[in-house]
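Here is the structure we will look at, set down as structure tokens.
Proteins come first, then strands; the chains are lettered A, B, ... in the order of their sequence lines, and each starts at number 1.
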Amino acid sequence: MVEVREIFSKYGPDSQVVVRGWVHRVFKVGGKIFAWVRDPTGVVQVVFEKSSIPEDVWPKVKKLTRESSLEVEGVVREDPRAPGGREVLAKNVKIYCISPPFPIRGKEDIEFLLNVRHLWLRSRRMTAIMKIKHTVLEALREWLLKEGWWEVTPPILTCSAVEGGATLFEVKYFDKKAYLSQSAQLYLEVLIYSLGKVWSLTPSFRAEKSRTRRHLSEYWHLEIEGAWYDMEDTMKVAEELVAHAVRRVLEERREELQLLGRDVSKLEPALETPYPRITYDEAIERLKRKGFNIEWGDDLGADEERALTQDFSKPFFVTHFPKKIKAFYMKLDPNRPDVVLGYDLLAPEGYGEIIGGSQREDDYGKLLARIREEGMDPKDYEWYLDLRKYGSVPHSGFGLGVERLVMWVAGLDHIRDATPFPRWRGRIYP
RNA sequence: GCCGGGGUAGCUCAGCCGGUAGAGCGCCGGGCUGUUAACCCGGUGGUCGGGGGUUCGAGUCCCCUCCCCGGCGCCA
């Protein structure tokens, strides 16, 4: 058994090969049948000639359809008329399954494709994206393990909110109510007291009916938390981590990026760290100069974020946001208590936020005050507040949206394609 | 939640001032020994998203409703 890719590298003309896979496309021309056979590594043209295969096999080959599965035994030969310059002349074939007419032929609209997502995922485009995501995930893990971060496993079923109750998915938990995790952060904060530097990769859930191309209801969330880390320390982690992932993709997924039409020169500046840093104050100034009607204290909307990304050719940080637009757990800047020691990392080319992080409030009294200020019930955060009583230390962390990162790296125009089975705006099928 | 666009054959769509449903592709049959979205001939194809109303007559006009897509907000 050989991989299709190997026919174009390792196995030259006249090699005897056996390949198996799926019929990507089939053309029937008189006494010849051309089938493009796809496996996970590529596509090769297989030629069936009436005289080249056993007589009893021919009628079955005539029935081949798109996405039929088969195993072909044949000889490699060169032919300029074949895609890629090589093809396999079939000597024999075992057909596993003749498919009924395949519903996807390339002109379908997005709604239809989403309903047949289970079949659409076989496309070369989706395959390329999934391979890129694989490499991104591998790179993220590789970097963190190399740098001594402990991988931990926080719960998905949780008792409390992190980002606000309105966006929680509620589930039945025996005779109680529980919620699907929106973030592992609070649990990671628990674990730094024993492990110091921790990270996790988990699904996170947000019940917002977001109608944007940058939001999923279920997404893969990579979060880190480090004891004794201040804001700047974790910003360094963030930029090195992202740069490493981009480096890995550029090294290992060139072919896939090319298939997607991704301009890799747009990615190369991200290899070099540090990434630029601007404060929220400066962002507002820049936006005012660009003609935006925005005041200090306003959150950065999609248009504003997009406009800022035009000023940079690589990811960049925006830091020190007003406290009223950020979460309660962020530490206030001791020199300027109206802003937090928090940051976003925005990807260029209009992609925007891929990481959000901060130094955490480590003072019991101040954290309690912030919880009350936000109108939340301190009772729900008793265990979290405990962390500030028993050996509290300065600490910081961030969350990275894996699909956001993949979307930017792969140059996708919608986040739903950065995950095989997108859950967003209520979609749950297939 | 708000704003905009849409739902007609398996798929992509057309359907004018209301007059009784169309094309291309697919599929089926036939032909073709180099196809690259093959081609040629013949055949097949419909709860016009759902409900109600106006009308002699509704895909078309009106009301209600469901679903999908794009944008905003929220965030990673």
Side-chain angles (χ1 to χ4, degrees), chain A residues 24-36 43 45-52 58 63 65-66 77 79-85 87 89 99-116 119 162-164 166-167 181-185 201-223 238 242 298-306 321 325-327 342-347 351-358 397-408 413-416 418-419 424-427 429:
Chain A
H24 193 64
R25 204 164 283 169
V26 62
F27 306 97
K28 298 170 186 177
V29 183
K32 283 188 181 176
I33 290 169
F34 301 89
W36 294 4
V43 178
Q45 173 161 283
V46 173
V47 185
F48 298 93
E49 291 178 6
K50 210 168 176 175
S51 54
S52 74
W58 181 252
K63 292 203 176 80
T65 54
R66 190 180 280 222
R77 63 184 189 188
D79 192 309
R81 295 167 296 189
E87 62 187 17
L89 177 65
S99 295
F102 201 62
I104 301 170
R105 288 184 315 279
K107 286 188 301 184
E108 294 70 21
D109 69 5
I110 187 63
E111 181 185 351
F112 183 80
L113 288 172
L114 286 166
N115 287 331
V116 293
L119 303 174
V162 179
E163 308 282 359
T167 63
S181 172
Q182 296 182 309
S183 166
Q185 180 195 318
L201 177 62
T202 59
S204 276
F205 303 87
R206 307 273 164 106
E208 303 145 351
K209 275 200 164 182
S210 293
R211 290 217 50 98
T212 82
R213 57 180 71 185
R214 300 175 49 231
H215 288 84
L216 293 167
S217 313
E218 175 184 316
Y219 66 98
W220 285 84
H221 206 174
L222 184 139
E223 292 169 276
V242 168
D298 294 343
D299 209 349
L300 304 179
D303 289 345
E304 288 82 11
E305 227 178 73
R306 212 170 294 126
F321 290 89
I325 59 172
K326 288 292 178 184
Y343 57 89
D344 286 348
L345 180 69
L346 311 199
Y351 282 98
E353 185 175 359
I354 55 178
I355 285 179
S358 70
F398 64 73
L400 176 155
V402 172
E403 285 79 9
R404 291 258 179 104
L405 178 58
V406 169
M407 182 185 174
W408 163 57
D413 58 12
H414 203 298
I415 199 166
R416 65 182 163 224
T419 200
W424 104 111
R425 222 213 71 95
R427 178 168 282 273
Y429 177 91

For [X], which contact category applies under a 4.0 Å heavy-atom criterion: base, sugar-phosphate, or nothing?
X       : value
L400(A) : nothing
T212(A) : base
F112(A) : sugar-phosphate
W58(A)  : nothing
E218(A) : nothing
L222(A) : nothing
G356(A) : sugar-phosphate
D344(A) : nothing
H24(A)  : nothing

Problem - Centroid-centroid under 6.0 Å between F48(A) and W58(A) rings - result: no
Handout entry: C69(B) OP1/OP2 closer than 4.0 Å to side-chain N/O of H414(A)
Key = no
Handout entry: Short side-chain N/O contact to G70(B) OP1/OP2 from R211(A), under 4.0 Å
Key = yes
Atom [atom1], compared across [N] and [M]: separation rounded to whole Å:
N      : M      : atom1 : result
C48(B) : G6(B)  : C1'   : 14 Å
G50(B) : A37(B) : C1'   : 36 Å
C28(B) : A38(B) : P     : 15 Å
A9(B)  : A21(B) : C1'   : 10 Å
G18(B) : C74(B) : P     : 45 Å
C68(B) : C25(B) : P     : 32 Å
G70(B) : A23(B) : P     : 32 Å
C27(B) : G73(B) : P     : 45 Å

Practice task
Would you classify C56(B) as syn or anti? Syn applies when the glycosidic angle is within 90° of 0.
Solution key: anti
Exercise for the section: For each nucleotide in nucleotides 34-49 of chain B, reading 5' to 3', give B when a protein heavy atom comes within less than 4.0 Å of its base, S when such contact involves only the sugar-phosphate, and - otherwise. Expected result: BBBSB-----------
Exercise for the section: Please indicate whether K50(A) has more than 12 foreign heavy atoms, meaning atoms of other residues, nucleotides or ligands, lying under 6.0 Å from its NZ. Expected result: no
Counterpart base for [N], defined by Watson-Crick or G-U wobble contacts under 3.5 Å:
N      : value
C17(B) : none
G4(B)  : C69(B)
A37(B) : none
A23(B) : U12(B)

Practice task
Tell me yes or no: between the side chains of E208(A) and S217(A), is some donor less than 3.5 Å from an acceptor?
Solution key: no
Problem - Among A76(B), C68(B), C25(B), the one nearest R425(A) by side-chain distance - result: C68(B)
Completion exercise
Of the candidates C75(B), C69(B), G26(B), the side chain of W424(A) sits closest to C69(B)
Handout entry: Residue pair F321(A) / D344(A), side-chain heavy-atom distance below 4.5 Å
Key = yes
Practice task
May I ask you to verify whether the side chain of R404(A) and the base of C75(B) hold a donor-acceptor pair under 3.5 Å?
Solution key: yes
Practice task
Please evaluate the base of C74(B) for a donor-acceptor partner in the side chain of S210(A) within a cut-off of under 3.5 Å?
Solution key: yes
Partners passing salt bridge (charged side-chain N to carboxylate O under 4.0 Å, His left out) against [X] (at least two apart in sequence or in another chain):
X       : value
R81(A)  : D79(A)
D109(A) : none
R306(A) : D303(A)
R214(A) : E305(A)

Exercise for the section: Please identify each residue that fulfils side chain to side chain contact (heavy atoms under 4.5 Å, CB included) with E218(A), with sequence neighbours left out. Expected result: P203(A), F205(A), R423(A)
Practice task
Could you state the atom-to-atom distance from CH2 of W220(A) to P of A76(B) in whole Å?
Solution key: 18 Å
